[in-house]
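Start at 1 with the first residue, then count along the sequence.
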Amino acid sequence: MEDGPLALSLPDGSTLLYQKFADSIRLSIPDSGQQLNLNGTLAHRISSFLSNRDSVEFPSLGPLTRQHPWLLELKDARPAPSPSELLLGSGLGMLFVELTDRCNERCIHCYAESAPECSARLSREEIHRVLEQARCLGQPTVQFTGGDPLLHPDLLFAVQTARKLDYNAIEIYTNGLALSESLLEKLRPLQPRFALSVYAHDAAIHDRITQTPGSLKRTLRAIRRIQDANLKLRVGIILMTENRALQDATSDFLEREMHLDAAQIGFDIVRSTGRGTFMQDIQLNTASHKRFIHRADTSDHVKANNEHTEKRNRRGKLCVSASGDIFPCIFSRRTRLGNIREQTLADIIKALDAREKTTPSAQRWLQCQQQLSCSDCQAIAYLLGDSCRSKSTRLGEIRGTT
């Protein structure tokens, strides 16, 4: 088996992944999604240069640079960026705060393994502290999630604090079951966005996935309440074996019956983490006219990273779990960076540069690609390496009677 990719830093600060195969090479820039496969003589010359930059002359790239001008930057490539630079880029752009791991559903694919009996949660003081500390790292969008954030008694305080600290945008990711009219009325002046998941327009299928009878009806009621409050809303359809055949019908239902625009609806697939570890991969129907979205993506963060790839103004992500653990992303739970109950966020970031460098591994690179849909997150998880394992759960307990 070939080795995993090596990392280099380009002059503009972006990271280059370089992977060598038997008779070809692959070059990619994770933060912009650019990738190029080369073989033959040119691949050999570039490979020789990148492996021995002090003694091998930079090869002539000819007309290839007209289509891929970033290739010229290979001449001045440096060793891999520091872990802190890799993680944050030009500043923090997205912060996920898992207020609690308690949830009033028990979804069969849950990446965080949330359930009604879970009890971990951030205190009011910890919420305030982490929002203050993260704000010093940039002007990010914050997503309050869980578990279900509506079950945390200090959700309103969290949103108020983020608004006072001038976060770029505030989003609440919820199943909506606990979204009462009184709570929504208190949140409305703060103008948070909402994100929800609808797994199928068929209640039997949706409720089987959530393992919660009546959950579809209650989620749809929450969507209507959010719409009536004139707050921004997006809905994701997470595809798996149980609902894959209903992909188009569910999307049409959301447009026709729930009056959502196509731009408010997106698809994702189950990630191989948490309870999703035990589920088969589902390939997206690429012919679909709907956008494919990753739960970790909100419009401002995506726009900031993609509005002009040549600028490479990549901004980083961080996730704070209900137990205080820090991860690079909500799905990168094998890469624990620290805990806010033990260190400040600034100290956690600083300590990354003292971590032992990881050894290239094709197996770990494959795992990162399977777990994460975002190429930038894949590279970060791969280069930072594993430092812990998320809790495991027996398959029979996860699937229940579904």
Side-chain angles (χ1 to χ4, degrees), residues 96 98 100-118 120 143 145-149 151 173-177 195-216 218-219 234-247 249-251 254 265-285 288 290 292-297 319 321-322 327 329-334 367-374 377-378 381 389-402:
F96 302 97
E98 297 175 347
T100 176
D101 65 355
R102 181 175 168 235
C103 188
N104 40 17
E105 294 181 340
R106 195 191 304 271
C107 296
I108 60 177
H109 63 289
C110 181
Y111 76 91
E113 302 181 79
S114 301
E117 65 271 14
C118 293
Q143 183 189 90
T145 181
D148 195 287
L151 301 182
Y173 201 108
T174 173
N175 57 39
L177 271 59
L196 299 90
S197 294
V198 172
Y199 302 108
H201 69 293
D202 183 326
I205 302 298
H206 178 97
D207 295 357
R208 189 184 308 160
I209 291 172
T210 65
Q211 300 195 91
T212 308
S215 59
L216 176 61
R218 295 166 69 185
T219 293
R234 65 187 179 96
V235 175
I237 304 172
I238 314 302
L239 301 177
M240 59 197 86
T241 302
E242 286 77 1
N243 68 349
R244 181 63 178 82
L246 301 178
Q247 169 184 344
T250 300
S251 177
L254 291 172
I265 305 168
F267 297 109
D268 200 354
I269 56 178
V270 174
R271 299 296 155 201
S272 181
T273 187
R275 293 201 283 266
T277 301
F278 302 98
M279 306 189 74
Q280 294 181 347
D281 291 336
I282 300 296
Q283 296 301 316
L284 286 169
N285 176 8
S288 173
K290 300 295 189 305
F292 168 70
I293 63 168
H294 185 293
R295 176 173 175 169
D297 290 338
C319 169
S321 77
F327 302 108
C329 176
I330 54 173
F331 296 127
S332 295
R333 305 183 91 81
R334 289 185 173 88
Q367 290 174 343
C368 292
Q369 290 176 301
Q370 291 173 338
Q371 276 189 302
L372 304 163
S373 66
C374 168
C377 287
Q378 291 170 2
R389 295 286 175 178
S390 58
K391 58 186 178 181
S392 61
T393 312
R394 294 195 307 273
L395 179 59
E397 294 175 335
I398 292 166
R399 303 297 287 232
T401 58
T402 61

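Across all non-hydrogen atoms, the minimal contact from E242 to I205 is O-CG2, 3.4 Å. Closest approach of Q378 and C368 over heavy atoms only: CG-O, 3.5 Å. Nearest heavy-atom pair, E98 versus C319, reported as atom, atom and distance to 0.1 Å: OE2-SG, 3.7 Å. Among all heavy-atom pairs drawn from R106 and Q211, the shortest one is O-NE2, 2.9 Å. For the pair S332 and L372, the tightest heavy-atom approach, listed with the atom from each and the gap, is OG-CD1, 3.4 Å. Closest approach of G214 and D207 over heavy atoms only: N-OD2, 2.9 Å.
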**Message:** Quick one, Y111 with R271, criterion side-chain contact (heavy atoms from CB on, under 4.5 Å). Give me CA distance, side-chain angles, the key distance, then yes/no.
**Reply:** CA-CA 7 Å; Y111 76 91; R271 299 296 155 201; 5.5 Å; no

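With no hydrogens or angles considered, a side-chain donor-acceptor pair links D148 and T174 at under 3.5 Å.
Taken from CG in L177 to SG in C103, the straight-line distance is 8.0 Å, to the nearest 0.5 Å. Atoms CD and CD1, on Q247 and I237 in that order, are 7.0 Å from each other to the nearest 0.5 Å. Distance check: Y173 OH to F96 CZ gives 10.5 Å after rounding to the nearest 0.5 Å. Note that CD1 of I108 and CE of M240 are 5.5 Å apart. Values are rounded to the nearest 0.5 Å. With rounding to the nearest 0.5 angstrom, the CD1 atom of I265 is 5.0 Å from the CG atom of L254. The distance from atom CD of E113 to atom OG1 of T273, rounded to the nearest 0.5 Å, is 7.5 Å.
Looking at F267 and S251, their side chains come closer than 4.5 Å, going by heavy atoms from C-beta outward. Side-chain contact between N175 and N104: present, with at least one pair of heavy atoms (C-beta onward) separated by less than 4.5 Å. In this structure, the side chains of T210 and C107 come closer than 4.5 Å at one or more pairs of heavy atoms.
Relative ring orientation between Y199 and H206 is described as tilted, the plane-to-plane angle lying within the 30° to 60° band.
Not a single donor-acceptor pair under 3.5 Å links the side chain of D101 to the backbone N or O of G147. A donor-acceptor pair under 3.5 Å links the side-chain atoms of R275 to the main chain of S114, judged by distance alone. Remark: the backbone N or O of G176 is not paired with any side-chain donor or acceptor of T219 at under 3.5 angstrom.
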